[in-house]
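Heads up, the thing below is written out as structure tokens.
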Amino acid sequence: MARKKFSHEQITQALRNFEAGTPVAEITRKLGIHENTLYRWKKLYGDLGTPEVRELRQLREENRKLKQLVADLSLDRKMLQDVVSKKW
């Protein structure tokens, strides 16, 4: 099943509704998500507002890209070291 991307506003609105006492079943039905997803959002973004959620997502994406870059560079370095050591 394909993953849906929800906007920062949708996530924060769902959490506001949850905090206001709207039944979980109603929120999840409207968004087409599982209850566990709502509770995971609550755990991750519960006390954050829309700007903070947006910033957190951007930082996580940047962190993922940087980790990939470090892995690629480490692999390149290892390959170059192997080439140099074989010449001697």
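Fair warning: this is a prediction, and the values are worked out from it, not measured in the lab. Positions are given from 1 along the sequence.
- Interatomic distance, E55 CD to L59 CG, rounded to the nearest 0.5 Å: 5.0 Å.
- With salt bridges taken as basic N to acidic carboxylate O contacts below 4.0 Å, none links D82 and K86.
- The shortest side-chain heavy-atom distance between L15 and K42 falls under the 4.5 Å cut-off.
- A salt bridge does not link E61 to R57: none of the charged nitrogens lies less than 4.0 Å from a carboxylate oxygen.
- The salt bridge (charged side-chain N to carboxylate O under 4.0 Å, His left out) search around E35 returns none, not counting sequence neighbours.
- Contact annotation: the side chain of T28 never approaches that of T37 to less than 4.5 Å [non-hydrogen atoms, C-beta and beyond].
- No donor-acceptor distance shorter than 3.5 angstrom exists from the side chain of E26 to the backbone of P23, with no hydrogens or angles considered.
- Considering only heavy atoms from C-beta on, R60 comes within 4.5 Å of L44 through its side chain.
- One distance of note links CE of M79 with CG of D76; it measures 5.0 Å at 0.5 Å rounding.
- W41 and F18 have their aromatic ring centers separated by at least 6.0 angstrom.
- Taking CZ of R40 as the reference point, atom OH of Y45 lies at 8.0 Å (rounded to 0.5 Å).
- The salt bridge (charged side-chain N to carboxylate O under 4.0 Å, His left out) search around E62 returns none, not counting sequence neighbours.
- Taking each heavy atom of A14 and I27 in turn, the nearest pair found is O-CD1, 3.8 Å.
- With contacts defined as side-chain heavy-atom distances shorter than 4.5 Å, the pair V84/Q81 does not qualify.
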